[in-house]
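For reference, the structure discussed in these notes is given below.
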Number of protein chains: 2
Amino acid sequence: MKITRKGEYAMRALVDLALHYKKGMRQIQDIVREEDIPEKFLEQILLALKNAGFVESKRGVGGGYFLSNPPDKILLGDVIRLIDGPLAPLDCVSKTKHVKCPKEITCGIHSVMLDVSNATAEILDHVTLADVCNRTKGMAERRAEHQMYYI
Amino acid sequence: MKITRKGEYAMRALVDLALHYKKGMRQIQDIVREEDIPEKFLEQILLALKNAGFVESKRGVGGGYFLSNPPDKILLGDVIRLIDGPLAPLDCVSKTKHVKCPKEITCGIHSVMLDVSNATAEILDHVTLADVCNRTKGMAERRAEHQMYYI
DNA sequence: GAAATTTCCGATTTGACATATAGGAATACT
DNA sequence: AGTATTCCTATATGTCAAATCGGAAATTTC
Ligand code: FES
Ligand code: FES
């Protein structure tokens, strides 16, 4: 699983929306300013996220985007699967797999990559947008504490 | 970390060499026949593996390739890093990283991806070529047992 | 020492895909 | 009507994966 810019932008945008959950609409421009993402590219991404049901939107003046569900109900793994495809590092390990290795049934490499794939999914399918926000907050606080020693 | 064909071929070739460790030279043609890999492509790959010290070679009649070290001393993680680059799913998490997220220092996504990266490395930096061979053997045996019920 | 075999090495090709950008249509508010 | 905002499709651009080509260098064999 390689996470592309598109996937990274999608996650960053969703985290941004999570931080503003239940605080009204959030417009593309707002997210662009906050996250430094190419506007037209983000437009495409939000559209995909909308079609997949992660976010909803409203057009016209005062419109914008907002999460369809609470941040603690959105798994990072699902976002990545939508934007960047399977979590598995090798196609032969993912569901929509093509047989590539001539001896797949007894392929040790396949077996190892299955382990990797499961370990990755185990993490990404348990981390929610809310968790990401909390991590960010925790890191910022711990950093602030450290700063205090130098005041 | 996305594993490319090149990386997959590299691993398959090394496993093939591991299975013939201390049994003399193994020529490109032999590996091609056994593993169904494009010959000229495999040539490039073996050359890279040789320059990195994983294999050694001998030219001319009766020449070929062989592992520089015993199969239980070669880690899958090192092979993948050489051929396909960092194990991390995002560049900002790898050593040779470029700052991409504007708030990297307190980025929750970064933190999660670091976990993923570490989990992946934990597996791939403990699996050797010998382990892969054993897994293959184990799978084949278990499969053979199953077959017996149908005889 | 000529011929056959095998690895070594750089250049080139091809197609796919990542990363956008452009331009306008549709919708909603004032 | 006019403005703001999302929606949608098409197009451009560059990079890289995946291979192919052609010959040079080394080694053995005869
Ligand atoms: S089955 Fe995927 S590498 Fe063998
Ligand atoms: S630091 Fe990599 S996504 Fe934020």
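The chains referred to below are lettered A, B, ... by the order of the sequence lines, with proteins before strands, and numbering in each begins at 1.
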*Interatomic distance, K2(B) NZ vs dA18(C) C1' [rounded to whole Å]*: 13 Å
*Quickly work out the R5(B) CZ to dC16(D) P distance and round it to whole Å.*
19 Å
*asked:* As a test of reading the structure: which of dA18(C), dT21(C), dT20(D) is closest to the side chain of F41(A), going by heavy atoms?
replied: dT21(C)
*Counting any heavy atom closer than 4.0 Å, what does Q29(B) reach on the DNA or RNA strands: base, sugar-phosphate only, or nothing?*
nothing
_Measure CD1/I37(A) against P/dT21(C) and give the value in whole Å, please._
13 Å
_Rounding to an integer number of Å, can you tell me how far I83(A) CD1 sits from dT19(C) P?_
12 Å
*Euclidean distance, atom CD of residue E43(A) to atom C1' of dA4(D) [Å, nearest integer]*: 13 Å
*First of K50(A) and V61(A) reached from the 5' end of DNA chain D, by closest nucleotide*: V61(A)
*State whether the side chain of S68(A) and the backbone N or O of F54(A) hold a donor-acceptor pair below 3.5 Å, judged by distance alone.*
yes
*Does dC8(C) have OP1 or OP2 sitting under 4.0 Å from an N or O in the side chain of S57(B)?*
yes
*Would you kindly compare R26(B) and K58(A) by the position of their nearest DNA chain C nucleotide and give the one closer to the 5′ end?*
R26(B)
_D72(A) and T128(A): side chain donor to acceptor below 3.5 Å_ = no
*Just how far is it from atom CG of L14(A) to atom OH of Y65(A), taken to the nearest 0.5 Å?*
12.0 Å
*Identify which one of L87(A), L124(A), I3(A) satisfies the side chain to side chain contact (heavy atoms under 4.5 Å, CB included) criterion when paired with P89(B).*
I3(A)
*Starting at atom CD1 of I45(A), determine the distance to atom P of dC8(D), rounded to an integer number of angstrom.*
16 Å
_Nearest listed nucleotide, side chain of R59(B), among dT6(C), dC8(D), dT19(C)_ = dT6(C)
*So does Y9(A) get a side-chain nitrogen or oxygen closer than 4.0 Å to the phosphate oxygens (OP1/OP2) of dA18(C)?*
no
*OP1 or OP2 of dA18(D) less than 4.0 angstrom from a side-chain nitrogen or oxygen of T4(B), does that happen here?*
yes
*Of all the nucleotides listed (dG24(C), dT5(C), dA19(D)), which has the minimum atom distance to the side chain of P38(B)?*
dA19(D)
*Ignoring hydrogens and geometry, is there a side-chain-to-backbone donor-acceptor pair from H110(B) to T106(B) under 3.5 Å?*
no
_Atom pair distance, as rounded to whole Å: CD in Q27(A) and C1' in dC7(D)_ = 15 Å
_Nucleotide dT5(D), atom P - distance to CG of L42(A) in whole Å_ = 15 Å
*asked:* Pick the closest DNA chain C nucleotide for G63(B) and for K40(B) by heavy atoms, then say which residue is nearer the 5' end.
replied: G63(B)
*asked:* Heavy atoms from C-beta onward define the side chain here; which of dT7(C), dC8(D), dT27(D) lies closest to that of I28(B)?
replied: dT7(C)
*Can you find a donor-acceptor pair, distance only, under 3.5 Å between Q44(B) side chain and dC9(C) base?*
no
